[in-house]
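First up is the structure itself, then whatever we jot down about it.
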Amino acid sequence: MSGRQAKVVTDSMLRKMLSHSRKSSRPMRDRVIILLSCKAGLRACEIAGLEWSMLLDPKGKIGNLVVIEDRIAKCQSGRRIPLHPSLKGALSLLREEEGGDGPVIRSRRGGGMRANSIVNWFVDLYGELNFDGCSSHSGRRTFITTAARSAHRAGGCLRDVQLLAGHRSLSMTQSYIDGDTDAQRRIVSMI
């Protein structure tokens with residue numbers, strides 16, 4: 001990735017984002033947008049293109065996976081991402097509120113939002129919260145960084161993170177991972 005990378009969202013920043021979303025005109029939809037970014041690592045185009053059919057199990061209930069179809073993914077990088085419990089709960093509430101057919105994230109007019117609208121939505125959110133250096137990619141970068149740091153505890157590896165991110169190369173996944181100076185100090189002290 002060239003240029004400046006999007007800032008990673010900390011736990012306290014995420015709490016502020018979710019708290020801020022409660023005050024919006026569409027609190028449940030906005031909560032889902034935030035969680036799709038931070039807890040599923042979706043790109044703006046994937047958030048915009050996500051349809052309820054990509055979330056439902058054969059019985060028509062919210063399943064345990066987000067199925068990103070090739071047609072909405074960058075470079076045809078479709079994949080399956082296990083649903084985080086907080087995202088699954090938010091999606092269930094949104095479905096009750098707005099129905100479960102067509103686009104998951106709808107504009108004020110009722111149609112699906114466009115990728116650029118999602119990008120601008122994040123610009124507005126981060127601006128209102130004074131989170132400098134954040135962009136629509138911050139949640140994705142947070143997801144990938146957190147997954148990389150947790151992979152070994154789950155019995156996984158960086159290849160698993162690559163597959164969750166939908167990257168074609170491991171080096172691209174590695175470029176998303178934020179370093180941690182405290183962890184680096186601990187690593188060196190163990191040598």
Side-chain angles (χ1 to χ4, degrees), residues 1-21 30-50 65-68 72-88 90-91 104-105 113-154 156-184 186-187:
M1 293 180 69
S2 61
R4 258 182 40 209
Q5 285 192 314
K7 190 175 180 180
V8 171
V9 174
T10 65
D11 289 341
S12 67
M13 290 168 71
L14 179 58
R15 283 191 298 275
K16 288 177 185 172
M17 291 164 63
L18 293 171
S19 177
H20 184 76
S21 73
D30 293 354
R31 181 179 186 82
V32 167
I33 292 172
I34 293 165
L35 294 174
L36 285 169
S37 179
C38 294
K39 297 297 183 183
L42 270 55
R43 300 172 175 101
C45 65
E46 294 165 343
I47 293 170
L50 190 65
L65 295 171
V66 178
V67 179
I68 302 299
I72 71 164
K74 183 178 177 184
C75 300
Q76 302 284 302
S77 59
R79 61 203 181 279
R80 295 172 183 267
I81 305 163
L83 266 178
H84 187 278
S86 62
L87 175 55
K88 185 173 182 173
L91 284 163
V104 174
I105 305 301
M113 286 180 73
R114 296 188 177 166
N116 197 45
S117 298
I118 297 292
V119 169
N120 291 334
W121 183 91
F122 275 109
V123 166
D124 291 344
L125 173 69
Y126 291 131
E128 290 169 18
L129 294 171
N130 295 315
F131 290 170
D132 292 332
C134 290
S135 73
S136 61
H137 234 54
S138 289
R140 180 168 170 73
R141 189 153 182 253
T142 301
F143 174 81
I144 293 169
T145 295
T146 304
R149 291 179 182 163
S150 305
H152 73 283
R153 288 193 307 269
C157 64
L158 203 50
R159 172 75 174 138
D160 295 306
V161 178
Q162 176 192 354
L163 294 171
L164 288 170
H167 287 148
R168 291 182 185 219
S169 74
L170 198 53
S171 62
M172 177 57 75
T173 303
Q174 289 174 314
S175 73
Y176 274 72
I177 300 168
D178 194 39
D180 182 339
T181 54
D182 291 335
Q184 293 165 14
R186 289 190 301 273
I187 291 167

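For the single chain, residues carry numbers from 1 onward in sequence order.
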Problem set entry | Short side-chain to backbone donor-acceptor contact, S21 and L18, under 3.5 Å | yes

Exercise. Taking the side chain from S136 and the backbone from N120, do they hold a donor-acceptor pair closer than 3.5 Å?
Worked result: no

Exercise. Quick one: does T146's side chain have a donor or acceptor within less than 3.5 Å of a partner on T142's backbone?
Worked result: yes

Exercise. Are there more than 12 heavy atoms of other residues, nucleotides or ligands under 6.0 Å from atom CG of D124?
Worked result: yes

Exercise. Taking R140 for the side chain and A165 for the main chain, is one N or O donor matched with an acceptor at less than 3.5 Å?
Worked result: yes

Seminar exercise, completed: Exactly one candidate in V66, L65, L83 meets side-chain contact (heavy atoms from CB on, under 4.5 Å) with K88; the answer is L83

Exercise. Do V9 and I34 have side-chain heavy atoms sitting under 4.5 Å apart?
Worked result: no

Exercise. Considering all heavy atoms of both residues, which atom of P82 and which atom of L164 are nearest to each other, and what is their separation?
Worked result: CD-CD2, 3.7 Å

Seminar exercise, completed: Note: S86 and L35 closest approach over all heavy atoms is O-CD1, 3.7 Å

Exercise. Could you state the interatomic distance from CD1 (I33) to CE (M113), rounded to the nearest 0.5 Å?
Worked result: 5.0 Å

Exercise. R114 and S117: side-chain donor and acceptor closer than 3.5 Å?
Worked result: no

Problem set entry | Stepwise side chain to side chain contact (heavy atoms under 4.5 Å, CB included) check, R168 with Q76 | CA-CA 10 Å; R168 291 182 185 219; Q76 302 284 302; 4.3 Å; yes

Exercise. Quick one: are S175 and M172 in side-chain contact, heavy atoms under 4.5 Å?
Worked result: yes

For this session: Output, in order, the C-alpha distance, side-chain angles, deciding distance and verdict of side chain to side chain contact (heavy atoms under 4.5 Å, CB included) for W121 and I47.
Result: CA-CA 12 Å; W121 183 91; I47 293 170; over 6 Å; no

Exercise. Rounded to the nearest 0.5 Å, how far apart are CD of Q174 and CG of L158?
Worked result: 5.5 Å

For this session: Can you see which heavy atom on F122 is nearest to which on S37, and at what distance?
Result: CZ-CB, 3.7 Å

Exercise. Is there a donor-acceptor contact under 3.5 Å linking the side chains of S135 and H137?
Worked result: no

For this session: Taking the side chain as every heavy atom from C-beta outward, state whether L36 and I105 have any atom pair closer than 4.5 Å.
Result: yes

For this session: Please round to the nearest 0.5 Å and tell me the distance separating atom CD of Q5 and atom CD1 of I177.
Result: 10.5 Å

For this session: Mind running side chain to side chain contact (heavy atoms under 4.5 Å, CB included) on K7 and F131 for me, showing each step along the way?
Result: CA-CA 9 Å; K7 190 175 180 180; F131 290 170; over 6 Å; no

For this session: With rounding to the nearest 0.5 Å, note down the distance linking CG in L163 to OG1 in T173.
Result: 8.5 Å

Exercise. For the atom pair CG (D178) and CZ (R141), what is the distance rounded to the nearest 0.5 Å?
Worked result: 4.5 Å

Exercise. For the residue pair L87 and A40, what are the closest heavy atoms and their distance?
Worked result: CD2-CB, 3.9 Å

Exercise. Between T145 and Y176, which heavy-atom pair has the shortest distance, and what is it?
Worked result: OG1-O, 3.3 Å

Exercise. Taking all atoms of both residues into account, what is the closest heavy-atom pair of K39 and L14, and its distance?
Worked result: CE-CD2, 3.9 Å

Problem set entry | Contact check, side chains of I68 and L50, non-hydrogen atoms, under 4.5 Å | yes

Exercise. Quick one: does S138's side chain get under 4.5 Å of M17's, heavy atoms only?
Worked result: no

Problem set entry | Atom pair CZ (R79) and NE2 (H167), whose distance is rounded to the nearest 0.5 Å | 8.0 Å

